[in-house]
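In this text, all values refer to a predicted model and were calculated from it rather than measured experimentally.
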Amino acid sequence: MITALQMLWCDPLIAKGVLKRLAAYQATTFDAEADAEPGKILHEMRGGEMAALKEVPFGLYYGSVDSTPLFIILLGLYVERTGDEPTLLELWPSVLNALNWMDTSGDAMATVFWSTGPRLARA
């Protein structure tokens with residue numbers, strides 16, 4: 001997401017692809033091993049034989065406090081840059097699920113990030 005944010009000014013299609021991929025893998029169930037909770041956005045993805053055979057710790061990992069709010073930020077900046085409302089509408093259910101996670105299951109750092117972010121942005 002950070003790379004997509006940095007490339008937004010010159011190639012917003014990168015952000016669109018990242019957003020759609022992350023929305024497709026947004027957690028829908030609880031999985032303690034992957035640190036997944038409904039609404040959380042993916043932090044890391046590993047593929048291939050070793051991930052399939054669980055020879056590496058995980059294939060999908062959601063253990064990041066910042067991925068979910070960054071997903072929302074990236075989508076907002078993407079739409080601001082491109083005016084692509086159809087993509088916003090397509091991803092809106094993922095936004096609502098992400099906000100729900102941040103408001104309910106999100107840990108203390110996610111709550112701090114969420115509750116102070118808008119005020120810091122206006123300061």
Side-chain angles (χ1 to χ4, degrees):
M1 281 187 281
I2 300 298
T3 301
L5 280 166
Q6 293 174 333
M7 296 294 294
L8 194 56
W9 68 276
C10 65
D11 191 355
L13 289 179
I14 293 171
K16 182 176 183 176
V18 167
L19 289 162
K20 286 188 173 206
R21 177 81 168 183
L22 291 172
Y25 285 95
Q26 186 175 31
T28 58
T29 61
F30 289 93
D31 180 350
E33 185 176 314
D35 203 11
E37 298 173 350
K40 273 182 106 172
I41 294 294
L42 184 69
H43 170 70
E44 187 173 337
M45 173 187 278
R46 295 182 184 184
E49 184 178 350
M50 292 180 73
L53 295 173
K54 302 211 182 258
E55 292 178 1
V56 292
F58 48 80
L60 301 177
Y61 181 63
Y62 295 83
S64 169
V65 70
D66 61 348
S67 293
T68 304
L70 282 172
F71 173 81
I72 296 168
I73 291 167
L74 178 59
L75 179 58
L77 291 173
Y78 167 78
V79 172
E80 182 178 67
R81 167 76 170 86
T82 64
D84 184 356
E85 290 186 23
T87 297
L88 175 63
L89 292 174
E90 176 186 343
L91 298 179
W92 193 248
S94 294
V95 170
L96 295 177
N97 290 333
L99 290 170
N100 185 56
W101 175 79
M102 291 167 62
D103 284 342
T104 59
S105 299
D107 66 11
M109 287 305 294
T111 302
V112 168
F113 189 99
W114 172 238
S115 64
T116 61
R119 282 192 294 271
L120 290 175
R122 288 190 295 260

Quiz prompt | Leu70 side chain near Ile2 side chain, heavy-atom distance below 4.5 Å | solution = yes
Practice problem: Can you measure from CG (Leu8) to OG1 (Thr82) and round to the nearest 0.5 angstrom? | Solution: 8.0 Å
Exercise. Just grab all the salt bridge (Lys or Arg N to Asp or Glu O under 4.0 Å) pairs involving residues 70-81, residues at least two apart or on different chains.
Key: none
Quiz item: Is Ser105 reaching over with its side chain to a backbone N or O of Trp101, donor-acceptor style, under 3.5 angstrom?
Solution: no
Self-check item: Contact summary for Ser67 and Ile41, nearest pair of heavy atoms
Solution: CB-O, 3.6 Å
Exercise. Tell me whether Met102 is reachable from Phe30 by hopping between hydrophobic residues (I, L, V, M, F, W, Y) whose side-chain heavy atoms are closer than 4.5 Å.
Key: no
Quiz prompt | Pairwise side-chain contact, Glu37 with Tyr62, heavy-atom cut-off 4.5 Å (strictly under) | solution = no
Quiz item: Under 4.5 Å between any side-chain heavy atoms of Leu42 and Tyr61, yes or no?
Solution: no
Quiz item: How long is the gap from CG on Leu77 to CH2 on Trp9, to the nearest 0.5 Å?
Solution: 15.5 Å
Practice problem: List the atom of Ala4, the atom of Ala15, and the distance in Å for their closest heavy-atom pair. | Solution: CB-CA, 3.8 Å
Quiz prompt | Flag side-chain contact, heavy atom, 4.5 Å: Thr28 against Pro38 | solution = no
Self-check item: Nearest non-hydrogen partners of Ser64 and His43, listed with the distance
Solution: CB-ND1, 3.2 Å
Quiz item: Under 3.5 Å, side chain of Lys40 to main-chain N/O of Asp35, donor-acceptor pair present?
Solution: yes
Quiz prompt | Stepwise side chain to side chain contact (heavy atoms under 4.5 Å, CB included) test for Tyr25 and Leu60 | solution = CA-CA 9 Å; Tyr25 285 95; Leu60 301 177; 3.9 Å; yes
Exercise. State the NZ-CG distance between Lys16 and Asp11, to the nearest 0.5 angstrom.
Key: 11.5 Å
Quiz prompt | Cluster check Met7, Leu13: I/L/V/M/F/W/Y, side chain < 4.5 angstrom | solution = no
Quiz item: Roughly how far, to the nearest 0.5 Å, is the CG atom of Leu19 from the CD1 atom of Ile14?
Solution: 12.0 Å
Self-check item: Any side-chain heavy-atom pair of Val18 and Met1 under 4.5 Å
Solution: yes
Exercise. Find the distance between CG (Leu91) and NZ (Lys20) and round it off to the nearest 0.5 Å.
Key: 6.5 Å
